[in-house]
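What follows is a short report on a single structure.
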Amino acid sequence: MAEELSSGYIPGDVEPGWYNRWIDADCFRGNEEGTGEPYSIVIPPPNVTGILHLGHVLNNTIQDILARRARMEGKEVLWLPGTDHAGIATQSKVEQQLRKEEKLSRHDLGRDAFLERVWEWKEKHGGIIINQLKRLGCSCDWSRERFTMDEDYSEWISKIFVDLFEEGLIYRGKRMVNWCPKSLTALSDEEVIMKPQRSKLYYMRYRIAGEEDRWVEIATTRPETLMGDSAIAVNPKDERYADLIGKSAIRPFPEKEIPVIADEHIDPEFGTGVLKVTPAHDKADFEIGQKNDLEIIDVFNPDGTLNELAGPEFAGMERFEARKKAAEKLEEMGQLVKVEDYENNVGFSERADVPIEPRISMQWFLRYPCQKEAAEAVANDEIRFRPERWKKTFAFWMDGIQDWCISRQLWWGHQIPVWYRKDMAEELKNRESLDLKDAGANIHVGVNPPADPENWVRDEDVLDTWFSSWLWPFATMRSSQEESTQTLAKFYPTADLVTGPDIIFFWVARMIMAGYRWQGELPFKNVFFTSIIRDRKGRKLSKSLGNSPDPLDLIDQFGADGVRFGLMRIAPTGTDVRYDEDQIVEGRNFANKLWNAARYRQMQGPITDRQLPVADLSIYAIDILAKLQKLESNLANAYEDYRFNELTQLLYDFWWSEYCDWYLESTKGDFSDTASEAQRQATLTTMDVVLERFLMLLHPVMPHLTEELWEKMGFGDGETFLMLTAVPEESVLASVPDEQVTAAQEQVAKIYEAVGRARNLKAEYGLGAKKDVRFILDPSDAAFAESEVFLTLARGAELDLQPGFEAEKGVPAALTAIGKLFLPLDGLIDVDAERDRLQKELTKTEAEVKKVNAKLANENFVSRAPEAVITETKERQKHWQDRAAELEQMIANLG
RNA sequence: GCGCGAGUAGCUCAGCGGUAGAGCAACUGGUUUACACCCAGUCGGUCGGCGGUUCAAUCCCGUCCUCGCGCACCA
């Protein structure tokens, strides 16, 4: 029921209450038995360890807007939420805590005890981000919340591993991988970030074996790996070194004779044109090694320190320490020629932010399934990417797709469902490769463990977290045991996926392939890519820079609705977003503006039945209703194109400018003692119609505030929720003839324009605040009858209609759309000031005349431009010419 | 190196063939039937540079400059 509004909107008093009421009433439930057209989104699962940052706010606000809009279109909506287990991030957080608080490593605890700790940690902190999403107002169906380590979900992981293994797409092999010496695990190519580094290029010389004082010079950035050199290589076409091929060089330490070989890969232009070949520590070198059957000498330990193979003085030394030491040693031996500054790109571990080591190790790899289907679906727009340009990025990656290293040397995650027979385990572990044809008596690959587990040992590794996320759209809707479910039948494929372009390969591409592989169809129809939020200086938001505001602080300060609205106004249309707190302030201000406009309405009397009295509608009422109608169609277009900034701006402009600044102000006279009851009722009804419809339109963006006003104003019946109310399809102006609407809008536009002129005149003469001024109008239409509203808006006491009025010299005047307007100033006439003012306007007008004349004087324009453009230009010419003539006359009259 | 995107008012950004727009900031003036988280007014732009297409270019094309991003990578 209607309830009085306070003078300022306090979001903190309103928002949490509404969220609880929605939850209690089960408003977010996606009903698989519902009859409405289905609309579904799966949330990009945030890390269970994570806390909300602005990127999440942006992303989830968009999803919430889409979900709420769909509900109000009468659709059956499912927004399915959840979190992922974030293997490396979570494990290292718990390890860190363990080290700090108990001085223990995970190995001290052992696998099972450690995992128990992780689960404890998850129980304690895992709900944080979910609660933060709730505070934002996200209308997720929490009854369906999923976690990638849930039992059901985990079964899926084993199942797909087994499927892919049996299909021959998963294999184990000894390969060069990206090794993170800090997290002590292999990483996929996607988890390596190339960063330019200021390095040094070391020029060193190796002696040629069997020759008197002959040396060969080699340039390298990594002298610490020279102990692992097993050859040096030159380009076969490089004449400088042709005679060396087949000979040997002496590796300085540990001293050893290594062959000089020829390989096309070597660029004669780079450095000295000679490459030291370290097959164990460089991807390219590894390949050269394979081709030439070179020895692989791994001189590193997994943690990035050097081992005994590097020699006793290097063993145990950290890799960058060893770099210095190796250079010093070469120097001492007289084999360091020079050192140059050099900038090169070095791969860093995305999570641990340390340089990765290319390292040979035994890992599981996946050849992607359904590549063709995925590539085609995006190429032919069955799955639409927005903005479209990401299609290209996707296609490019799909085209050069590499096998995916899916094993991780971690404990937290889905353990690989492979068991080795105990007595064979060592031998199998070291086997160069392993795949389908090796399975059988000694290797068990299955969802369930072998029947006699005591005779088997399980592969210790876990799977990449993304190996679980790529199943998200369907594995959240049915278990691996079920053929289908009602939920899946109703809501799969999902409609929209909202995510960042930074995970287009990590997640989006893989989900598409998984969708085709296990569901036989695409997982979503549209992908909307948001972008990265930066600060005003264009830097990425990050904790270490301290430029990343805590969204919860912002919500406390400005309200969730204010944050949502503010962020949407700067939402990306394809590029990065520059975050600016002023925008959030604007969001809050807008909420307050709406609140107060509702409050004003409330002060004028009880709510009406919202049946427009067509015969009594003023031109201003018709105008605002027409603008509301226009707003609805503009909004529909903006939604169609996922233009969130535009739709927010449309809502803002309509309400603040069109409704509050103009319409609401124009009605103030309707509530005076002299106004008729019919007039008053017509205005109140118009206001109610506009406000009610506007609350519906705004609701997806500002759910709490709109729901509150809906209730407090008394629009609902006290039982239903605005969020579940369908927006009527019928236009608010359906009962008014089009010609009448057009005529009213034209007239109102003229009056508003003239009001602007009048205000301007007042301000120019320092009377901006005065209300008792008298205007004289020489009207262009003798039937002019809108004096009252004109005076309300322009704040004047009298509008004296005097056709053909001739002013005294120096009386300020302005040309308006409704006629020539004068502002008589008793005894205050300043002829010079008025002349200057008019002259200024004349100058501007003449510039316009000149522009338009030039255009019409151009024969090419007149003969080739479309008729409509020429007509319009001629009209404009007349308009400016008339105006200039009148201004000239006015100036002449001043003497 | 290849590809993508951006450069419009002091700031954050819209507009993308036919009279350059908003909000903030600045300045002037204001308590008026809600709102100072407010109201009214003003100032402010060779739309990154240079060419081209067109009757007409901020918008299309080419090229260059600056910045950001992605991919690849020469040790």
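So that the names make sense, note that chain A is the first sequence line, chain B the second, and so on, each numbered from 1.
- Residue A:E764 is classed as having no contact, given no heavy-atom separation below 4.0 Å to the nucleic acid.
- In the set B:rC73, B:rA22, B:rG18, B:rG18 carries the atom at the smallest distance from any side-chain atom of A:P866.
- Contact annotation: A:R643 side-chain N/O to B:rG15 OP1/OP2 distance is under 4.0 Å.
- Of the candidates B:rG18, B:rC35, B:rA75, B:rC35 carries the atom nearest the A:R599 side chain, counting heavy atoms from C-beta on.
- Within the 4.5 Å cutoff, the side chain of A:E848 has heavy atoms near those of the A:K851 side chain.
- A:R876 comes within 4.0 angstrom of a base, heavy atoms only.
- Within 4.0 Å of A:N345, counting heavy atoms only, lies at least one base atom of the nucleic acid.
- In the set B:rA34, B:rC73, B:rA75, the nucleotide with an atom closest to the side chain of A:A597 is B:rA34.
- Under a cutoff of 6.0 Å and an axis angle of 45°, A:K200 and A:Y342 do not form a cation-pi pair.
- Contacts of A:G347 with the nucleic acid, taken as non-hydrogen atoms under 4.0 Å apart, are absent.
- Counting only heavy atoms from C-beta on, A:N645 has its side chain closest to B:rA14 among B:rA14, B:rA34, B:rG70.
- In this structure, A:K338 forms a cation-pi arrangement with A:Y203, its terminal cationic atom sitting closer than 6.0 Å to the ring centre and no more than 45° off the ring axis.
- The side chain of A:Q583 approaches B:rU12 more closely than any other nucleotide in the set B:rG18, B:rC39, B:rU12.
- Here A:K593 lies in heavy-atom contact (under 4.0 Å) with a base.
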Could you spell out the base pairing of RNA chain B as a dot-bracket line? Use Watson-Crick and G-U wobble contacts where both distances are under 3.5 Å, [ ] for crossing pairs, | for partners on a different strand. ((((((((.[[[[.)..(..]]]].(((((.......))))).....[[[[[..)....]]]]])))))))....
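- Regarding A:D267, its CG atom lies at a distance of 20 Å from the P atom of B:rA72, rounded to whole Å.
- Contact annotation: A:K874 does not reach the phosphate of B:rG18 (side-chain N/O to OP1 or OP2, under 4.0 Å).
- Atoms CD (A:E586) and C1' (B:rA22) sit 10 Å apart, rounded to a whole Å.
- Relative to the ring axis of A:F529, A:R386 does not place its NZ or CZ within 45° and under 6.0 Å from the centre.
- Regarding A:N344, its CG atom lies at a distance of 16 Å from the P atom of B:rA72, rounded to whole Å.
- Residue A:I504 is classed as having no contact, given no heavy-atom separation below 4.0 Å to the nucleic acid.
- Closest approach to the A:Y342 side chain among B:rG3, B:rC74, B:rC39 is made by B:rC74 (side chain taken as heavy atoms from C-beta onward).
- When the nucleotides B:rA34, B:rG41, B:rC24 are ranked by their closest atom to the side chain of A:C660, B:rA34 comes out on top.
- Residue contacts shown for A:D661 are limited to sugar-phosphate atoms, with no base heavy atom under 4.0 Å away.
- A:F671 comes within contact range of at least one nucleobase, with a heavy-atom separation under 4.0 Å.
- With rounding to whole Å, A:I288 atom CD1 is found 10 Å from B:rC74 atom P.
- Listed pair A:K392 / B:rG3 fails the phosphate criterion, with no side-chain N or O lying under 4.0 Å from OP1 or OP2.
- A:R759 forms a cation-pi arrangement with A:W662, by the criterion of a distance under 6.0 Å to the ring centre and an angle within 45° of the ring axis.
- Nucleotides B:rC35 and B:rA26 place their C1' atoms 24 Å apart, quoted to the nearest Å.
- For B:rC37, the OP1/OP2 oxygens have no side-chain nitrogen or oxygen of A:R588 closer than 4.0 Å.
- Picking from B:rU19, B:rA22, B:rA75 the nucleotide with the shortest atom distance to the side chain of A:E848 gives B:rU19.
- Taking only side-chain atoms of A:N596, from C-beta outward, the nucleotide of B:rA34, B:rA40, B:rC24 with the closest atom is B:rA34.
- At a threshold of 4.0 Å, the pair A:R222-A:E357 counts as salt-bridged, since one of the basic side-chain nitrogens sits closer than that to a carboxylate oxygen.
- Closest contact between the side chain of A:E665 and the listed nucleotides B:rG18, B:rC35, B:rU42 involves B:rC35.
- When ring centroids are compared, A:W390 and A:F385 stay outside the 6.0 Å threshold.
- Following rounding to the nearest Å, A:M713 (CE) and B:rA34 (P) show an atom-to-atom distance of 15 Å.
- With rounding to whole Å, A:E190 atom CD is found 17 Å from B:rC69 atom C1'.
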